[in-house]
Amino acid sequence: MLQKPRGTRDFLPDEMEARRSVEWRMREVGRRWGYREVCTPEFEDLELFTMRSGEGIIGEMYVFEDKGGRKLALRPEITAAVIRMYINEAKVAPKPLRWCYFADCFRYERPQKGRYRQFWQFGVELIGADSAMADAEIIMVASEMLTTAGVRFDLKVGHLALMRNLIADLEPADQRKVRAHLDKREFDSLRETLAAMGKPDLAQSLISLVECRTLKEALTITGDLPESKRIEQTLAALDAYGVQYSLNFGIARGLDYYTGIVFEAFADNLGAENQILGGGTYRLAHLFGGDDVASCGFAIGFDRVMVSLGESSRPRQETIVGIVCTDEGRARALEVSRAFRSAGIRAEMDLMERGLGAQLAHASKTADFAVVIGKRETESGEVTLKNLKTGEQKSLDLAAAIAEVGAHGAR
RNA sequence: GCCAGGGUGGGGUAGUUGGUCAUCCUAGGGGACUGUGGAUCCCCCGACCCGGGUUCGAGUCUCGGCCCUGGCCCCA
């Protein structure tokens, strides 16, 4: 038997309903903040992704050549494509641009819990605003989206300027090593590494910085910075809006195009793959031949959110009506089913040529109400409405039956 | 790429020291019934992940692969 490709998943209707319901909650938060949805191609020129991340990532991408010999790749993430689109299509649009997206991405990695080869991201990008309030807004949206989705999470906010200031004297390669140690909290290795670089004193400063929980404390380690005023304003805005977060100046956020504020969120009930959101301010446009526009944004690992929500995200069941009829009642039953559907109610008819009893048996398993249309109902013009949960049954006219079912759904 | 544990009908399971090509539950389909069901009875459907090896004989032992689960690595 044919299997689905490794790291991909099939979603049955129940699961799709749960996913769509969470997706729409996130979308709705975006809408309320003015973030409008954009869509970019599923695949792009390979170059778009290697330009800023290097050739090394090719091994973890789905790369292929099309019939015209173009080197293409399934998108491993969306931010680069959104910025590419901004340069191509929207450079002169009034700033700031508030955009969001919900889309699938592809990475060739070893699947494990919360990590698949095809996965979905819900992302938000704020392009062309370079201010404390812009930084704050994107974090507020991030926090509100996760909260509205119903996840329990810890939000950690940091800023790259502080650590960069401390290690500015080191060679770029050494900076990378130091940041990697700090990110993993390997303090002993950090001390050794810095001692070998002839900077043994730096280790304690860096460790203190990473453990700092207030900005004031952090600035006593680094000294005052040009960015400190803006950071202060950003944090003040977060506090004013009521965002729950903790400071962590050790956040490194992978690659070099992040420039300032960085933040990450972790679900508290997941295992190794517990990061459900990551973002920050970045400058990317100049790499793709555009202006050096300031941007910030984040992406939510949608599948991890769904894992974190688990069973708690069961969608509310919609009211379902089974239209049950005899041969004599079929024509009338079709009219009746159309009336229910026109009223927005899900109505299903028998397709198995079952008898009345068997149709009811089926309806009792799959529906909330049965509407019985036989010879008697066809002649009287009324319908028999049976509540399949209570067994209560009555004869009433079509409009009244629709009203009663509609009222049930509204509860 | 590395480590650990797994793969028996659609879902969940049993399977003795290798020995009737396999248990039970559930779901699904059909029948009895036929204008009131989800009851009962009967029937049907449908599985040992794939390939090699050992053996008279492999679901069971062995090797390889594939896939799943968790972890490492990575995480744009």
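Each chain gets a letter, A, B and so on, in the order its sequence line appears, and its residues count up from 1.
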From the set [options], return the single nucleotide nearest to any side-chain atom of [X].
{"X": "Q112(A)", "options": "C67(B), G30(B), C73(B)", "answer": "C73(B)"}
{"X": "R354(A)", "options": "C68(B), U36(B), G29(B)", "answer": "G29(B)"}
{"X": "Y258(A)", "options": "A76(B), C73(B), U36(B)", "answer": "A76(B)"}
{"X": "R107(A)", "options": "C75(B), G28(B), C73(B)", "answer": "C75(B)"}
{"X": "E60(A)", "options": "A76(B), G71(B), U36(B)", "answer": "A76(B)"}
{"X": "K375(A)", "options": "C74(B), G35(B), G28(B)", "answer": "G35(B)"}
{"X": "I57(A)", "options": "C74(B), C68(B), A76(B)", "answer": "A76(B)"}
{"X": "R376(A)", "options": "C75(B), G29(B), G35(B)", "answer": "G35(B)"}

Using a heavy-atom cut-off of 4.0 Å across all strands, would you classify [X] as base, sugar-phosphate, or nothing?
{"X": "G322(A)", "result": "nothing"}
{"X": "K184(A)", "result": "sugar-phosphate"}
{"X": "V372(A)", "result": "base"}

Please state the [atom1] separation for the pair [N] and [M] - nearest whole angstrom.
{"N": "G65(B)", "M": "U55(B)", "atom1": "P", "answer": "24 Å"}
{"N": "A27(B)", "M": "G71(B)", "atom1": "C1'", "answer": "35 Å"}
{"N": "G57(B)", "M": "G6(B)", "atom1": "C1'", "answer": "27 Å"}
{"N": "C74(B)", "M": "G59(B)", "atom1": "P", "answer": "44 Å"}
{"N": "U60(B)", "M": "U26(B)", "atom1": "P", "answer": "29 Å"}
{"N": "G35(B)", "M": "U40(B)", "atom1": "P", "answer": "22 Å"}
{"N": "C49(B)", "M": "C67(B)", "atom1": "P", "answer": "16 Å"}
{"N": "G9(B)", "M": "A4(B)", "atom1": "C1'", "answer": "29 Å"}

Does any donor-acceptor pair link the side chain of [X] with the base of [N] at a separation under 3.5 Å?
{"X": "E377(A)", "N": "G35(B)", "result": "yes"}
{"X": "Q393(A)", "N": "U36(B)", "result": "yes"}
{"X": "R110(A)", "N": "C75(B)", "result": "no"}

Separation of [N] [atom2] from [X] [atom1] (nearest whole Å):
{"X": "H362(A)", "N": "G38(B)", "atom1": "NE2", "atom2": "P", "result": "14 Å"}
{"X": "Q275(A)", "N": "C75(B)", "atom1": "CD", "atom2": "P", "result": "11 Å"}
{"X": "Y116(A)", "N": "C68(B)", "atom1": "OH", "atom2": "P", "result": "10 Å"}
{"X": "R176(A)", "N": "A76(B)", "atom1": "CZ", "atom2": "C1'", "result": "14 Å"}
{"X": "N274(A)", "N": "C75(B)", "atom1": "CG", "atom2": "P", "result": "16 Å"}
{"X": "R332(A)", "N": "G35(B)", "atom1": "CZ", "atom2": "C1'", "result": "17 Å"}
{"X": "K113(A)", "N": "G71(B)", "atom1": "NZ", "atom2": "C1'", "result": "12 Å"}
{"X": "E109(A)", "N": "C2(B)", "atom1": "CD", "atom2": "P", "result": "16 Å"}

Side-chain H-bond candidate by donor/acceptor type, [X] with [Y], under 3.5 Å:
{"X": "Y241(A)", "Y": "E137(A)", "result": "no"}
{"X": "N165(A)", "Y": "T222(A)", "result": "no"}
{"X": "Q118(A)", "Y": "D104(A)", "result": "yes"}

Take atom NZ of K95(A) as the centre, draw a 6.0 Å sphere, and report whether it contains more than 12 heavy atoms from other residues, nucleotides or ligands. yes

Mark yes when over 12 heavy atoms from residues, nucleotides or ligands other than E65(A) sit less than 6.0 Å from its CD; otherwise mark no.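 Count over threshold, so yes.
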
Need the pair for [N]. Rule: Watson-Crick or G-U wobble, both distances under 3.5 Å, any strand; none if unpaired.
{"N": "C66(B)", "value": "G7(B)"}
{"N": "C72(B)", "value": "G1(B)"}
{"N": "G28(B)", "value": "C44(B)"}

Cationic tip of R19(A) above W120(A) ring, under 6.0 Å, 45° of axis: yes

Flag this pair as yes if the NZ/CZ of R9(A) is under 6.0 angstrom from the six-membered ring centre of Y116(A) and inside a 45 degree cone about the axis; otherwise no. yes

Between F49(A) and T8(A), the residue closer to the 5' end of RNA chain B by nearest nucleotide is T8(A)

Residue pair P76(A)/L388(A) against RNA chain B: nearer the 5' end by closest nucleotide is L388(A)

So, taking the atom named OG1 in T281(A) and the one named CZ in F263(A), what distance separates them when rounded to the nearest 0.5 Å?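 Between T281(A) OG1 and F263(A) CZ, I get 9.0 Å after rounding to 0.5 Å.
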
